[in-house]
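Quick notes on the structure that follows.
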Amino acid sequence: MQYLLNDRQQEACFATDGPLLILAGAGSGKTRVITHRIAYLIEECGVNPYNILAITFTNKAAREMRERVDNLIGFGAESVWVSTFHSMCVRILRKHVEKLGRASAFTIYDTDDSKGIIRDVLKYLGMDPKLYPERLVLSVISKAKEQYMSPDDYEKEHATSYRDQQLASAYREYQKRLAANNAFDFDDLIYQTIFLFETNPDVLLEYQERFRYIMVDEYQDTNFTQFKLVEMLARKYRNICVVGDDDQSIYKFRGADITNILSFENQYEGCKVVKLEQNYRSTSNILNAANHVISHNQGRKDKTLWTEQEEGEKITYTRYGNEYDEATGVASEISKLIGEGQAADEIAVLYRTNAQSRLLEEKMLLANIPYRIYGGQNFYARKEIKDIVCYLKLLVNPSDNESLKRIINVPKRGIGATTVGKVEDFSLENGMSMYDALLDMDIVPGIDRAKSKLSEFMDLMEGIRTMISDGAFASEAFDKLIETTGYVELLQAEGTEEAKGRIENIDELRNKIVTYEQSAEQPNLTELLEEIALVADTDEEDAEGAPGRVTLMTLHSAKGLEFPNVFITGMEERLFPSGMSMDSDDPDAIEEERRLCYVGITRAMKKLYLTGASQRMIHGITNFCEESEFLDEIPKDYIVRKSAPGARMGRTMGKETEGKPYSNEKHGFADYGYGRPKMKDTDYSKTNPYTKNSANPSANPGFGKAFPMGGDTTAYAVGDTVKHLKFGKGVIKAVTPAGSDQELTVEFERVGEKKLFASLVKMKKL
DNA sequence: ATAGCGACGCTTTTT
DNA sequence: GCGTCGCTAT
């Protein structure tokens, strides 16, 4: 691990004022730079921590950054605003949302909730769900919101198509219902914050004045509204620093717009650009392979990673007969590694699609390898958890019809769809919430027969609401809920394994609530629900390896992580790169896959294994697979084709074998792709990054080594006499570790005692 | 009200 | 090939 900041990293830290683009290659110490830059702003530039905003994408990233900033600067760190886009917007909206005619106790809808609304909307508008599948409608709306398009904008933009007009009215009705339920979906949080700023310049000004220094991490993942929001906030002071890597932009499918980072320089006049190209993670073989692969992309910022590390082992590529052989092969290779003394948590197996995990998991189990699958179904998306959470949501926000409808008959209490429909119709006609209608249920026609059941439900809810307004804790409300609904009791009566699992999950939810109560300053249900809505449970998992377990995950979830040993499986055409990207007429689709490949390769520190299969069953059909084109893009200097144990040598695989599987699990014989001259014999020396870019000193190992700006010293000791650029002469009084850095206490002749960071300080030893 | 059955559809995922 | 979802039949 690198100790001090290298010169590029320092340059990024010192460029405090004006627009700054930090192009941070994989493994180049990006987070270090951001946190040190914050420390530098506060400690050396005298910026009030209160005026600093750092935006990340995930809660995990926000929490990590928070921790590292806290470790780096003791006092005042807590007033730096470190947050995700979404939680930042929630915070702003909670404070000002009444200016948009909304109540501050709004609910945040996840995709599941939104789907429910869409279902109702389609029914209400008489739109055929066959012609307009929910998923599609939802994604149309989401895309519109990402572009900051209102229903009216959308309608105008697509005035000629009947279908689009229908979609526009669905969008409009959807928004109307969100408002009626006092709910925002994820896209709304950002959209409405922009809208708030546009319609209330004084509110915008308040935040512009507050956030004089803004930093955005993973900038290549921002969408249009996120870009716009940042632009608005930074408009006044223009101290905007964005950090990202265009080569790691892999989230286009969820709205990320790579042009945000590519055109940042043009967007901001006088923008400074710093490239972090020294990689501290991988061996040069791995890094060179990654460089070569990514160099096949057009329209990227020119950037070549280099390292001081040794060549290391070559990458291996093994082609197995089928996906069973592949999984077995990976498992046995892992067993071998573990046998050689590698820790299981230093190994990761990556794949393009979640479907691939099943077989791998099976073979891990068989080979007795401890593993865990990262990602997968969200804890909060589980039925029993959603049910309980909807109760809580309804308790906080009685306007939330969607939650009411979900739980009014869960557990079954004899309130049927007809009854619910009548209540809904009545509330829709009278512009009131279903909950309010039920509070006064005598006025709702046609529900006489269900009245006693409805009263039972309302008594239950009102009872807990009274508890809460009397100051009960969330966990107490939770316990009361479980008790009066009999939710767990009923599951216990079921007695199945599945029910037991659900009870465990509910217990787990209770643990989370209690943990929240113990850690929050002012625990309240609204904030708890906010966390549940905005925090994925994978955040709580340590992505970088569960102790003693091999990690299995998708290439996407591997972004930002590193492992000594990495397997990338399924290196086949139409799997990786995906068939969809190959069929797409958008040339960027395949480039995005290539970036994903680049991300995968650069996760590996010491050893990279690539595997693929000659045939694989996909969607129930056996497909014959060509090798991934990305394999061709790795020069043979860095990669070795290995034959797997039991390989049948010299066999040629061709189209003639189609329909006749020549290898299966039981026989275990396989084709390893020999006789298929797929790897082109290219003269790679011409494209070697070191010879190609020798004019660029930072791309040349040996130059640009990490040493402090002040001179060739790498360590300070108590008693050293130093000279600081600004403070002049001084003597070091103390050297104390601070995070991954050192804090120096220096007694200066002119200005007295100062605390400074070893890696940032501009001074030299005398 | 609910189990059961057939149709569909299927990359990646955070908030 | 498998899981989900919605509709139907009871």
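Just so it is clear: chains get the letters A, B, ... in the order the sequence lines come, proteins before strands, and each one is counted from 1.
In this structure, the CG atom of A:D113 is 13 Å from the C1' atom of B:dT15, given to the nearest Å. Between the C1' atom of C:dC7 and the CG atom of A:D128 lies a distance of 14 Å, rounded to the nearest Å. At whole-Å resolution of the value, CG in A:D583 and P in B:dC10 are 15 Å apart. Atom CG in A:L575 sits about 9 Å away from atom C1' in B:dT11, given to the nearest Å. With rounding to whole Å, A:M553 atom CE is found 11 Å from B:dT13 atom P. The CD-P distance, from A:E362 to C:dC2, rounds to 10 Å in whole Å. Straight-line distance from the CG atom of A:N59 to the C1' atom of B:dT15: 8 Å, rounded to whole Å. Nucleotide B:dT14 holds its C1' atom 14 Å from the CZ atom of A:R63, rounded to whole Å.
Remark on DNA chain B: of its neighbouring residues A:N409 and A:H619, the 5'-side contact belongs to A:N409, judged by nearest-heavy-atom nucleotide. The 5' end of DNA chain B is approached more closely, in terms of each residue's nearest nucleotide, by A:A417 than by the other of A:M580 and A:A417.
When the side-chain nitrogen and oxygen atoms of A:R574 are compared with OP1 and OP2 of B:dT11, none of them lie within a distance under 4.0 Å. Within the structure, every side-chain polar atom (N or O) of A:S557 is placed at least 4.0 Å from both OP1 and OP2 of B:dT12. OP1 or OP2 of B:dT12 has not a single side-chain nitrogen or oxygen of A:K559 nearer than 4.0 Å. Within the 4.0 Å cut-off from OP1 or OP2 of B:dT12, at least one side-chain nitrogen or oxygen of A:N354 is found.
Across all strands shown, A:R595 has no heavy atoms under 4.0 Å from either base or sugar-phosphate atoms. Within the 4.0 angstrom heavy-atom criterion, base atoms lie near A:S578.
By the stacking rule of 5.5 Å between ring centres and under 30° between planes, A:F253 stacks on the base of B:dT12.
For the C1' atoms, the distance from B:dT14 to C:dG3 is 23 Å, rounded to whole Å. Comparing the P positions of B:dT12 and C:dC5 gives a spacing of 16 Å, expressed to the nearest Å.
The side chain of A:R119 lies closest to C:dG6, out of C:dG6, B:dT2, B:dT14. In the set B:dT2, B:dT15, B:dT11, B:dT15 carries the atom at the smallest distance from any side-chain atom of A:T111. Of the candidates C:dC2, B:dT15, B:dT12, the closest approach to any side-chain atom of A:R358 belongs to C:dC2. Looking at the side chain of A:R135, the nearest of the listed nucleotides B:dT15, B:dC10, B:dT12 is B:dC10. Ranking C:dG6, C:dG1, B:dT15 by closeness to the A:E134 side chain, first place goes to C:dG6.
For B:dT11, the O4'-C1' to base torsion is within 90° of 0; the nucleotide is therefore syn.
Under a 4.0 Å N-O distance rule, the pair A:D245/A:R300 does not qualify as a salt bridge. Under the 4.0 Å criterion applied to side-chain N and carboxylate O atoms, A:R94 and A:E530 are assigned as salt-bridge partners.
Counting heavy atoms from C-beta outward, A:T569 and A:L350 have side chains that stay 4.5 Å or more apart. Here the side chains of A:I214 and A:V216 are in contact, with some heavy-atom distance below 4.5 Å.
With both pairing distances under 3.5 Å, C:dG1 is matched to B:dC10 as a Watson-Crick or G-U wobble pair.
A donor-acceptor contact closer than 3.5 angstrom is absent between the side chains of A:S455 and A:S452.
A cation-pi arrangement is absent between A:R616 and A:Y324 under the rule of less than 6.0 angstrom and at most 45 degrees off the ring axis.
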